[in-house]
Novice: 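My structure is below; once you've seen it, I'll send some questions.
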Amino acid sequence: MSKLMVSISGIRGEVGGTLTPEVIQKYILAFAAYLKGGAVIVGRDSRVSGPFVTNIVKGCLSAAGCDVIDIGIVPTPTVQLEIEHYKAAGGIAVTASHNPVQWNGLKFMDKTGRFLNAEKAKTVYDMADRGEFELKDWRELGNEICDDQANERHIEAVLNLSYIDVEAICKRKFKVVADTVNGAGGLIIPQLLKKLGCEVVTINQDPTGKFAHTPEPLPENLIQLSEKVREVGADIGFAVDPDVDRCAVVDNNGDPIGEEYTLALAVKLIFSKKMGRCVVNMSTSRASEDVAKYYNCMFVRSKVGEINVAEKMLEIEAIIGGEGNGGVILPELHLGRDAPLAVALTLQHLLEFGGTLKELHNSLPQYSMVKQKVNIEGMNPDSVLKSIAEKYKNEQISLLDGVKIDFQKSWVHLRKSNTEPIVRVIAEAPTEEEALQLAERFMNEINNLVG
Ligand code: MG
């Protein structure tokens with residue numbers, strides 16, 4: 001049985017294993033104490049275990065004196081938007097994001113509508129470990145209301161963005177296949193596409209939580225979507241993860257263009273209209289960077305993790321950003337990764353481009369990325385990374401998050417894991433072969449250190 005994962009992205013565990021009622025209670029009571037009361041938005045993805053977890057979450061919030069606003073099955077970014085809508089004290093998304101069906105978890109947000117950063121998360125987790133909470137007496141228990149309009153408001157917010165020309169997209173009548181993997185996306189993505197005048201073909205739309213395939217929207221998991229795009233002759237296919245913050249695109253030939261290109265496309269669309277700044281994480285493709293440079297726009301990299309990107313965006317007043325795993329962030333909407341946003345921006349871009357999605361993808365800088373890991377059991381990951389950093393100190397190197405080395409046409413990013421004795425090796429180059437070679441070179445160097 002895997003361990004309970006406690007990280008900057010919240011907590012995740014397996015149902016029937018580490019994600020016990022006691023664990024949920026411990027973290028929710030601490031979170032409620034941290035918020036010091038107020039209203040909390042509670043939404044969940046479609047997982048079968050969702051009601052079990054959500055009921056404990058709501059009960060604990062109420063016991064700690066927080067009012068609960070239950071918005072039902074929604075994307076994680078919808079919870080963020082609803083915090084702003086209700087001016088709530090915080091929010092909880094009950095989800096294990098892209099993890100398989102046996103997992104569930106909690107993502108915490110505060111009154112800013114953003115996730116807790118490392119410092120805030122540590123405060124909550126320390127409070128949880130110390131058992132720091134307060135139970136209210138019967139007169140002060142929190143109340144609960146339900147609101148089933150959150151998905152609708154999210155759709156309207158996307159349609160109202162200055163970058164989206166709803167009328168023009170509607171006129172184009174795109175034929176679109178949407179694979180929402182039986183996650184929360186089935187309640188928002190097809191509905192959004194219809195409002196954009198698309199002819200929509202859905203697969204795995206029912207939000208049953210019984211995922212039709214491995215839910216992470218990686219190319220190898222999009223076979224069904226690719227086939228459907230070819231079968232119906234669609235202009236484009238979209239896949240989202242169960243909590244709808246990541247979006248992957250399949251082109252008109254049924255070929256996945258890779259999650260990295262969801263963000264690169266968004267960056268290009270925004271900068272083609274407006275000068276501004278962009279923030280992406282250290283592991284995001286250089287395609288986005290090249291696009292920003294082409295438009296003479298400032299490009300900054302942050303540590304990996306949505307909140308790190310979001311806070312850097314806030315700090316430098318970026319107008320676009322995100323993570324290469326299909327997570328697009330547009331501050332005009334809110335500072336969080338948002339798949340409905342990515343869908344709308346991609347269609348707007350395709351409309352303005354005029355050609356096919358394959359042609360649009362080909363118009364972007366082409367890179368291939370490979371992700372590997374090296375077992376370093378028995379070694380201190382920090383000293384492994386330090387040795388590599390020392391060896392490459394004369395290269396263009398960044399130690400902001402692990403070790404990132406930028407070469408002329410490629411880069412490699414080495415990061416330790418907080419849960420396993422491994423170092424992740426992410427390499428990008430113009431071709432897959434070169435990326436593999438680069439990754440292998442650094443895997444060998446790490447192996448030599450491990451001995
Ligand atoms: Mg997710």
Side-chain angles (χ1 to χ4, degrees), residues 8-10 40-47 50 69-86 88 90-98 105-116 147-161 163-164 178 180-181 183-193 195 207 215 217 238-248 259 262-263 266 279 281 305-311 313-314 318 320-323 325-346:
I8 192 171
S9 316
V40 178
I41 309 291
V42 178
R44 66 175 180 95
D45 71 15
S46 63
R47 283 165 202 273
I69 301 167
D70 182 349
I71 57 170
I73 299 179
V74 294
T76 293
T78 313
V79 178
Q80 298 181 294
L81 282 171
E82 290 294 300
I83 292 172
E84 292 172 37
H85 175 75
Y86 277 104
I92 294 166
V94 175
T95 176
S97 195
H98 58 272
L106 308 168
K107 290 183 174 180
F108 302 100
M109 303 142 210
D110 65 12
K111 65 179 182 201
T112 63
R114 299 190 295 277
F115 290 113
L116 303 183
D147 183 338
D148 61 5
Q149 294 301 303
N151 281 317
E152 190 55 38
R153 279 192 290 273
H154 192 158
I155 290 172
E156 288 308 314
V158 170
L159 296 176
N160 284 331
L161 290 170
Y163 299 102
I164 305 296
T180 48
V181 69
L187 298 172
I188 189 165
I189 300 293
Q191 295 77 358
L192 169 67
L193 290 167
K195 290 217 164 164
F238 290 109
V240 296
D241 75 332
D243 72 325
V244 210
D245 52 0
R246 292 170 57 179
C247 172
E259 283 183 296
T262 309
L263 180 57
V279 179
N281 75 31
E306 171 172 347
I307 183 61
N308 296 321
V309 180
E311 290 199 329
M313 289 180 74
L314 188 67
I320 182 72
E323 296 197 291
N325 57 10
V328 178
I329 303 176
L330 187 77
E332 185 184 312
L333 184 63
H334 66 113
L335 278 164
R337 298 181 305 178
D338 192 303
L341 163 74
V343 165
L345 290 179
T346 307

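Computed from a predicted model, the values in this text were never measured in an experiment.
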Novice: Report the distance from atom CD1 of I69 to atom CD1 of I41, rounding to the nearest 0.5 Å.
Specialist: 4.0 Å

Novice: With sequence neighbours left out, write down each residue that passes salt bridge (Lys or Arg N to Asp or Glu O under 4.0 Å) with D245, or none if nothing qualifies.
Specialist: K107, R337

Novice: Determine whether T76 and S97 satisfy the following criterion, side chain to side chain contact (heavy atoms under 4.5 Å, CB included), listing intermediate values before the conclusion.
Specialist: CA-CA 8 Å; T76 293; S97 195; over 6 Å; no

Novice: Would you name the heavy atoms of A266 and V328 that are closest together and state the gap between them?
Specialist: CB-CG1, 3.7 Å

Novice: Answer yes or no: is there a side-chain heavy-atom contact under 4.5 Å between M109 and I92?
Specialist: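 No; the side chains remain at least 4.5 Å from each other.
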
Novice: Measure across D243 and P77 and return the closest heavy-atom pair with its distance rounded to 0.1 Å.
Specialist: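 That would be O-CD, 3.6 Å.
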
Novice: Are I307 and S9 packed together at the side-chain level, in the sense that at least one heavy-atom pair is separated by less than 4.5 angstrom?
Specialist: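 Result no, sub-4.5 Å side-chain heavy-atom pair not found.
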
Novice: How long is the gap from CD1 on I188 to CD on E152, to the nearest 0.5 Å?
Specialist: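 Taking CD1 in I188 and CD in E152, the distance rounds to 8.5 Å.
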
Novice: Who are the side chain to side chain donor-acceptor pair (under 3.5 Å) partners of R47, not counting sequence neighbours?
Specialist: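 Partners of R47 by the side chain to side chain donor-acceptor pair (under 3.5 Å) criterion, ordered by chain and then number, come out as D45.
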
Novice: Quick one, C247 with V343, criterion side chain to side chain contact (heavy atoms under 4.5 Å, CB included). Give me CA distance, side-chain angles, the key distance, then yes/no.
Specialist: CA-CA 7 Å; C247 172; V343 165; 4.0 Å; yes

Novice: Restricting to non-hydrogen atoms, name the atom on A150 and the atom on V74 that form the minimum distance, rounded to 0.1 Å.
Specialist: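 A150 and V74 have their closest heavy atoms at CB-CG1, 4.2 Å.
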
Novice: Flag the pair L192 / L159 as yes when at least one side-chain heavy-atom distance between them is below 4.5 Å, and no otherwise.
Specialist: yes

Novice: Return the set of residues passing side-chain contact (heavy atoms from CB on, under 4.5 Å) with L314 (not counting sequence neighbours), or none when no residue passes.
Specialist: R114, L335

Novice: Hey, could you give me each pair passing salt bridge (charged side-chain N to carboxylate O under 4.0 Å, His left out) that has a residue in residues 73-84? Not counting sequence neighbours.
Specialist: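 Those involving residues 73-84 are E82-R153.
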
Novice: Below 4.0 angstrom, N of the basic side chain to O of the carboxylate: do E306 and R246 qualify?
Specialist: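 So E306 does not pair with R246 through a salt bridge.
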
Novice: Does the Q191 side chain pair with the main chain of G186, one donor and one acceptor, at a distance under 3.5 Å?
Specialist: yes

Novice: Might you point out which heavy atoms bring P215 and V181 nearest each other, and give the distance in Å?
Specialist: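 Taking P215 first and V181 second, the nearest heavy atoms are CA-CG2, 3.9 Å.
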
Novice: Using the side chain to side chain donor-acceptor pair (under 3.5 Å) criterion, which residues pair with T78? Sequence neighbours excluded.
Specialist: H154

Novice: Nearest 0.5 Å, what's the CG-CD1 distance between N160 and I155?
Specialist: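 So the gap between those two atoms works out to 12.0 Å.
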
Novice: Could you grab the distance from atom OH of Y86 to atom CG of D147, nearest 0.5 Å is fine?
Specialist: 3.5 Å

Novice: Give the minimum heavy-atom separation between G183 and S46, together with the two atoms involved.
Specialist: CA-OG, 3.1 Å

Novice: Between V158 and L333, is any pair of side-chain heavy atoms under 4.5 Å apart?
Specialist: yes

Novice: Under the criterion side chain to side chain contact (heavy atoms under 4.5 Å, CB included), I'd like the reasoning laid out for D110 against L116: C-alpha separation, chi angles, the key distance, then a yes or no.
Specialist: CA-CA 6 Å; D110 65 12; L116 303 183; 3.9 Å; yes

Novice: Yes or no on side chain to side chain contact (heavy atoms under 4.5 Å, CB included) for N308 and N281, after CA distance, side-chain angles and deciding distance?
Specialist: CA-CA 8 Å; N308 296 321; N281 75 31; over 6 Å; no

Novice: Distance from L345 atom CG to D338 atom CG, nearest 0.5 Å?
Specialist: 9.0 Å

Novice: Do D241 and N325 make a side-chain contact, defined as non-hydrogen atoms from C-beta onward lying under 4.5 Å apart?
Specialist: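 Contact flag for D241/N325 side chains = no.
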
Novice: Could you work out, with side-chain contact (heavy atoms from CB on, under 4.5 Å) as the rule, every residue matching A318, not counting sequence neighbours?
Specialist: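 For A318, the residues satisfying side-chain contact (heavy atoms from CB on, under 4.5 Å) (neighbours in sequence not counted) are R277, V279, M313, I316.
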
Novice: Which heavy atom of G321 sits nearest to which heavy atom of L263, and what is that distance?
Specialist: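 Shortest heavy-atom separation between G321 and L263 comes out as O-CD1, 3.4 Å.
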
Novice: Nearest 0.5 Å, what's the CD1-CD distance between I320 and E332?
Specialist: 10.0 Å

